[in-house]
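Take a look at the structure below.
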Amino acid sequence: MVDLTTRPPTSPPDSKPVSARPRRSSSQTSPVDPPFLVLRPPKGSQGSAFDYASSPNGGHRRTSSQTSPHDTSEPLSFRNYRRRTSSQSSHSSLDGKEQNSSQRPRRMSSLKDFFDPFSTAEIYYGPSTDPRKQKTSHKLNRTRTMSVFGNTSDSKRFNQSQYHLQRRGSEDDSYLSSKGNRRFFIEDVDRTLDELLKSEDTDSNFQITIEDTGPKVIKVGTANSNGYKYVNVRGTYMLSNLLQELTIAKSFGRHQIILDEARINENPVNRLARLIATQFWNNLTRRIDLNNIGEIARDSKVDTPGAQNPRVYVPYNCPDQYEFYIQASQMHPSLKLEVEYLPKNITPEYVKSINETPGLLALAMEEHVNPSTGEKTLIGYPYAVPGGRFNELYGWDSYMMALGLLENNNIDVARGMVEHFIFEIEHYGKILNANRSYYLCRSQPPFLTDMALQIYRKTGGDNNPNAVDLVKRAFVAAIKEYKTVWMASPRLDPETGLSCYHPNGLGVPPETEADHFDSILVFYMKKYNLSREGFIEKYNNGEIQEPALDEFFLHDRGVRESGHDTTYRFEGVCAYLATIDLNSLLYKYERDIADVIEKFFDNEYHDPLDDSVTDAQHWRDLAEKRKNNITKYMWDEETGFFFDYNVAAKQRTSYESATTFWALWAGLATEEQAKIMVEKALPPLEMLGGVVACTERSRGPLSIQRPSRQWDYPYGWAPHQILAWQGLCEYGYVAVATRLAYRWLYIMTKAFVDYNGIVVEKYDVTRGTDPHRVDAEYGNQGADFKGVATEGFGWVNASYVLGLKYMNSHARRALGACIPPVPFFQSLKASERKLYSV
Ligand SMILES: OC[C@H]1O[C@H](O[C@H]2O[C@H](CO)[C@@H](O)[C@H](O)[C@H]2O)[C@H](O)[C@@H](O)[C@@H]1O
Ligand SMILES: [Ca+2]
């Protein structure tokens, strides 16, 4: 029987913690360092990415993100920061306790403002750090030197003999005298922001990037001199970080700040990992309540007159939720929130009929008792949205994000998303593409079984009754989904036993950019002499019948269900393709269901849906059958690819897609097939920045009539990277996965450093300079922020957190210095090259 508490090693053990704090040492470089890059690990540290981190509490594995006090998901207050750090001590500390020198927090200034320079924005820019709100003058916030110990300092309370008192030198603002703890006094945040943008944002896009041609230097006052003396802040990275910090400070209503230099010249790998863990996830998290529903229900994608007011659709059998939303709309009449019940039977005709009046679909809620009034109300389970543009819960994005959220110990959000999926399957019959009315007919790639198991493992497994309860409920839902969505008409091909992305639906999808279908519709617009809108209206309401267009949209809906919207791999054919993606995922479902039935259902699952009783063996047989069919219909030994199979044409296709690695992730390939894939399929997919969505030869030539598609060459996507890494590890190709992870993290870090902290939906993995610049299809990319990127992009955030687990401290330093993959691999000693299989 499979032990569900530990998954076989699909990802490497956590790497050694790099350092307790992201303090820069001579061996830790960043792009702002002088050019004395040290690529070798410090003497004596032979750590590989796969060493287990030793920990004081005996073998418990910790991630690098857990090694520093500022990397916890719980915001640190001044008090608990001090408590935590002082309890780790072994030398004398300010409060008389022992401190270990490597863990000792730096004394940043007076004892009163002993803040972590990397604390969350809420703490760092909260009221307690506002120079203007200090009881005493802001002078107390300056970087103190011991020469001012005296009447005004609290430090008198401590035994000064335990200190090395240092006289203030005349150069106390210099980097040397500040020992890297330099702080700036920004007397006027607004003015500094204006000046910074005026001089450095030469292309006026409110970002400071390598494309701006300003002097790349600005003067800021030092805290030590109370703003009187100035120092230069130089270079794109530091200046853009300054812009980001000032923008955040301003959003907190701050007019003056003391800013640690460490916060703007932080090693970029540490900075990005820190922002993801402490800021990006929070900003992507939604939780429906009575006050925010108006905002969440609003739709940024559809712009019809009927979409002007926010609207919520509630399942016909959820009266409590209906009442809740009515209450919300009555509490905030100005929101004009409209609340409607869905019919019991949701047909494609009904879904099309509400395309002009789209709305958010209700999700799972729990009861909440107001502690002060004792009143009961409902509150939504939390969930994460894919990016800043979205407010709804997506299908496969949620799985990818859950992996990152769990890694960052943000468990409630991951768990909340499983609750929502259970609710969606129960009330909408499937895990939805996303919870908007126009998505009611279609799903997305299914990952629920693995998602539930990951949460179960992370939350204590068998020792936690809630974890067991959730996994059981999730599997009951997943079995229903498996049988009624994926293994039923029209998705199931009875002849091969394989499944296709083949949702129901009618008409033109309303959520795409207005001109998205122009290349197809232009012909019909001319034919009927109608505008785009005019034609779509008549086509949607059945006045115009065009079977060829029906066929196009049948496949287009399939493309959207596949999550790969869009790619030439699927155009005009998707609904007839038994894809390697979907069938790998269903194989994984079958294996997982077998294990769970064996463990949690006494190996006897009574399904109320069809009155069947099945055991683990039944599901293992189904998996075995699927595996044989996949090999029979999809495997191509010559190229090393699993190809999609066209069930209508009864032919294997030849489009070389990164999803071939999903066969490894699901564990259905043989060892021999895995070896051939690594030897033959990987090389044409491996680019500068990781795995590309498909090979260039498969995509074919582009032209005005044949524009680029976002899920094709040369673009790389986070879910493809994550599943390829994990799949390769599953078959022992850890070094190959590490090499691919380095590539992906490299382009992410490079774009982050050069382009004002940017993290986007997908990257051009063939470009070293501006890989984030992808102008294909939709406006989801997330590159158009002003001043600061506040949430990154969900699955890309997850990929960074997961990818870093493959990096040892040497690789992490190289990434921090933006060393491109090839020079990095070439700089390795022979013994280290095997870690990357180069
Ligand atoms: O609005 C256009 C399309 O947007 C979605 O697709 C893209 O974003 C999703 C969220 O990150 C992602 O799941 C999908 O893979 C992307 O291609 C949406 O899923 C589509 O249905 C929609 O038409
Ligand atoms: Ca600019």
Side-chain angles (χ1 to χ4, degrees), residues 196-214 216 236 239-240 243-244 284 299-303 355 358 384-401 431-447 501 503 505 508-517 553 556-567 570 574 581 659 693 709-712 715 717-720 754-758 760-762 770 774 776-788 791-799:
L196 182 61
L197 287 168
K198 208 162 155 198
S199 103
E200 299 294 344
D201 176 26
T202 55
D203 58 7
S204 305
N205 66 348
F206 296 92
Q207 299 173 9
I208 296 175
T209 73
I210 52 167
E211 289 170 17
D212 289 306
T213 52
K216 301 281 182 197
T236 301
L239 288 167
S240 81
L243 170 65
Q244 293 165 46
L284 289 171
D299 195 337
S300 67
K301 286 191 175 183
V302 183
D303 198 22
N355 272 354
V385 297
R389 184 190 193 194
F390 306 88
N391 271 317
E392 57 277 349
L393 170 89
Y394 272 77
W396 73 318
D397 295 70
S398 297
Y399 169 73
M400 300 296 159
M401 288 191 282
I431 293 175
L432 299 169
N433 181 149
N435 64 316
R436 296 272 176 200
S437 51
Y438 43 81
Y439 291 133
L440 269 164
C441 289
R442 64 178 191 254
S443 189
Q444 265 195 330
F447 285 93
Y501 293 112
V508 181
E511 79 283 3
T512 57
E513 263 73 359
D515 59 356
H516 184 74
F517 294 108
F553 282 116
D556 182 80
R557 285 189 293 275
V559 173
R560 288 166 209 288
E561 181 163 90
S562 78
H564 291 67
D565 46 318
T566 67
T567 157
F570 289 161
C574 185
D581 331 356
T659 54
R709 299 294 193 214
Q710 60 173 358
W711 283 92
D712 276 338
Y715 308 124
W717 289 76
H720 286 176
D754 290 347
Y755 287 88
N756 206 111
I758 206 166
V760 287
E761 185 189 34
K762 68 262 170 189
D770 52 359
V774 176
E777 309 198 81
Y778 324 133
N780 294 348
Q781 186 70 340
D784 52 356
F785 56 86
K786 298 215 181 327
V788 60
E791 63 271 308
F793 199 92
W795 56 26
V796 183
N797 299 343
S799 72

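Start at 1 and go down the list; that is how both ligands and their atoms are numbered. We number each residue from 1, following the sequence as shown.
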Please determine which of [options] meets the side chain to side chain contact (heavy atoms under 4.5 Å, CB included) test together with [X].
X    : options                : value
L393 : N435, V385, L432, I431 : N435
D565 : R709, H516, R560       : R560
Q781 : R389, K762, Q710       : K762

### Summary
Heavy atoms of S562 and P445 approach each other most closely as O-CG, 3.2 Å

#### Entry: Where V302 and P510 come nearest, the two heavy atoms and their spacing
CG2-O, 3.8 Å

### Message
So if I only count non-hydrogen atoms and take anything under 4.0 Å from ligand 1, which residues does that give, chain by chain?
### Response
K301, P386, F390, Y394, W396, D397, N433, Y439, R442, Q444, E511, R560, G563, D565, Q710, W711, E761, Y778, N780, F793, W795

### Query
Are the side chains of V796 and E761 in touch, meaning some heavy atoms are under 4.5 Å apart?
no

### Message
As an exercise, state the distance from CG of D201 to OG of S240, rounded to the nearest 0.5 Å.
### Response
11.0 Å

### Query
When you measure from the side chain of N205 to the backbone N and O of Q207, does any donor-acceptor pair fall under 3.5 Å?
yes

### Message
Has E561 got a side-chain atom pairing as donor or acceptor with R442's backbone, closer than 3.5 angstrom?
### Response
no

#### Entry: Residue and atom names of protein N/O/S atoms that fall under 3.0 Å from the Ca ion (ligand 2)
D201 OD1, D203 OD1, N205 OD1, Q207 O, D212 OD1, D212 OD2

